[in-house]
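Just so you know, residue 1 is the first one in the sequence shown, and it goes up from there.
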Amino acid sequence: MKHIGLPLLLTETQTFELYLFEDLARRRLNYMKASEFDEKFDNAEDITEMLDIKKAKRASQDLKRVNVDFPIWMVELLDQEAKRLGVSRQSIIKVWLAERLEKAS
């Protein structure tokens, strides 16, 4: 454990608090003003250290469940094509709908 000016004899609680302090100090080093972040981004500098990727979400990617009734013949053809491509029925429906919507817009 790194000694940062504290007594060497620490209880378990104090040791734990010291680790928390060191972790907090490390995280604070990564904080910067939004204007600095924007400037680094605009200059194509590496900003990945400043991002918490675990919390990242794609914009407009929230899901909403929709039920659609298809005739049996359509489901069978969807399943055949999905099997041929090695994907699920849901995946092929999503891809085809997205392609159609992109063309329409």
With a 4.5 Å limit on heavy-atom distance, are the side chains of F70 and I93 in contact? yes
Test side-chain contact (heavy atoms from CB on, under 4.5 Å) on R89 and V75; report intermediate values, then the result. CA-CA 8 Å; R89 180 193 306 153; V75 173; 3.6 Å; yes
Membership question, hydrophobic clusters at under 4.5 Å side-chain separation (ILVMFWY): are L78 and W73 in the same one? yes
Return the NZ to OG distance between K40 and S35, rounded to the nearest 0.5 Å. 11.5 Å
With the 4.5 Å side-chain cut-off for hydrophobic clustering, are V68 and V87 part of the same group? yes
Inspect the surroundings of CD in Q90 and state if more than 12 heavy atoms from other residues, nucleotides or ligands are less than 6.0 Å away. no
In Å and rounded to the nearest 0.5 Å, what is the CD to CD distance from E36 to E39? 8.0 Å
Crowding at CD1, I72 (>12 non-hydrogen neighbours, <6.0 Å): no
Examine V95 and L63 and state if one hydrophobic cluster contains both, with Ile, Leu, Val, Met, Phe, Trp and Tyr joined whenever side-chain heavy atoms are less than 4.5 Å apart. no
Are L97 and M74 co-members of a hydrophobic cluster defined by side-chain heavy atoms under 4.5 Å apart? yes
Kindly indicate whether the side chain of E81, heavy atoms from C-beta on, has any atom under 4.5 Å from the side chain of L77. no
